[in-house]
Amino acid sequence: MADTKRGAGGRLAIELLQVAPLAPILLDRLKPDYIIHDYLAAKDPDALLSDVGPRVRGILAGGMKGPNANLINSLPKLEIIASMSVGYDATDVVAAQARGVIVTHTPEVLTGDVADLAMAFILMAPRRIAESERYLRAGKWTSGRMGLGTTVRGKRLGILGLGRIGKAVARRAEVFGLNIAYFDVKPMGDLTYRAYPTLLDLAAASDILLVACEGGAQSRGIVDAGVLAALGPEGYLINTARGPIVDQPALIRALETGAIAGAALDVLDGEPQVPAALMAMENVVLTPHIASSTVETRRAMADLVIDNLAAHFAGKPVLTPVPPQA
Ligand code: 8YV
């Protein structure tokens with residue numbers, strides 16, 4: 001019975017289902033107070049669900065893995081889904097909220113680190129920084145100097161999605177002398193940055209296009225062949241948001257044909273699989289979804305997950321709920 005279960009600390013424990021790979025920085029700190037069932041590692045996930053499902057009151061999710069409607073609806077006592085991520089596109093939030101299940105995420109605390117990586121990418125791709133390091137390590141310096149890069153100062157940065165992260169990148173990019181414009185589906189009020197009415201218009205007016213909008217069905221594939229063609233043969237695409245926002249085959253074609261100059265990608269459609277074509281391209285910077293991966297930020301994200309769960313199970317309002325979705 002649920003109320004006879006005790007956590008590692010010996011206290012009566014609440015049972016949680018873990019559906020995403022999550023770091024010890026979170027799990028170790030939850031263990032004294034909760035019993036955590038690892039759905040991903042279960043040899044027989046269905047058997048695990050029929051055993052513990054009736055007692056599970058919370059789900060631990062992540063940015064790339066969250067519960068779908070089936071899983072949500074198979075847990076009769078489910079009250080809360082706490083995602084250790086700002087993005088909640090991996091969780092079926094509509095299904096959860098329709099059942100009165102609270103969904104929480106971890107906004108704000110990762111904005112600075114994600115924006116730092118995006119700014120680094122804005123410099124790395126045009127300046128060919130990763131490529132130049134490979135050049136040196138391959139011993140090519142002794143046979144001649146590498147080709148030239150492109151200055152970012154004075155160039156036009158187009159930001160797709162001017163939310164918390166988009167704005168934080170814009171502030172950094174201003175310091176580097178970039179001219180900033182954006183496209184966003186939400187009205188942004190008075191800003192000094194120029195707004196374009198469509199993504200296509202923004203791409204046509206950009207030298208560097210940064211993808212910083214939310215993932216999910218509404219943004220799947222919106223950076224398509226037309227947008228890349230509008231960005232043009234001297235343009236760079238930067239993505240630190242979600243892989244599926246970009247039509248990946250179209251991006252590969254655009255890079256292969258010189259329709260754009262280069263790209264820097266922290267996220268990919270189908271990650272952690274990386275298309276061989278992208279791996280082979282010198283003009284593409286690739287990192288394994290590390291934008292929020294610092295000790296400080298991961299600790300702050302874990303703190304928020306822990307505080308959201310603690311508040312909820314103490315009968316208090318959670319700190320960072322995902323707003324109601326249509
Ligand atoms: C994480 C993320 O790497 O916050 C997000 O939405 O994508 C990243 O910060 C990851 O999802 C951790 O769960």
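Numbering of ligands and ligand atoms starts at 1, following listing order. From a predicted model like this one, the values you see are computed outputs, not experimental measurements.
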I14 side chain reached by D33 side chain, heavy atoms, under 4.5 Å: no

Atoms in ligand 1 with a heavy atom of S292 nearer than 4.0 Å: 1 (C), 3 (O), 8 (C), 9 (O)

Donor-acceptor pair between Q18 and Y34 side chains, under 3.5 angstrom: no

Least distance between heavy atoms, Y236 atom then A261 atom: CZ-CB, 3.7 Å

contact_flag K65 ligand 1 heavy-atom lt 4.0 Å: no

Contact check, side chains of L304 and T104, non-hydrogen atoms, under 4.5 Å: no

Region of L110 engaging ligand 1 - heavy atom pairs below 4.0 Å: side chain

Min heavy-atom dist R298 to ligand 1 below 4.0 Å: yes

Under 4.0 Å to a heavy atom of V86 - the qualifying atoms of ligand 1, by number: 4 (O), 5 (C), 6 (O)

Nitrogen or oxygen atoms of M301 and ligand 1 under 3.5 Å apart: no

Given I180, D201, L231, the one that forms side-chain contact (heavy atoms from CB on, under 4.5 Å) with S206: L231

Protein heavy atom at shortest distance from atom 2 (C) of ligand 1: H289 NE2, 3.6 Å

Numbered atoms of ligand 1 (with element) below 4.0 Å of G63, judged on heavy atoms: 11 (O), 13 (O)

Close approach, R242 and ligand 1, non-hydrogen under 4.0 angstrom: yes

D113 and S292: CA distance, side-chain angles, deciding distance, side chain to side chain donor-acceptor pair (under 3.5 Å) verdict: CA-CA 6 Å; D113 275 338; S292 70; over 6 Å; no

Atoms of ligand 1 close to G62 [distance to a heavy atom under 4.0 angstrom, numbered from 1]: 13 (O)

Other residues, nucleotides, ligands: >12 heavy atoms within 6.0 Å of R134 CZ: yes

Closest non-hydrogen atom pair between F176 and M119, with its separation: CD1-CE, 3.5 Å

Nitrogen or oxygen atoms of M84 and ligand 1 under 3.5 Å apart: yes

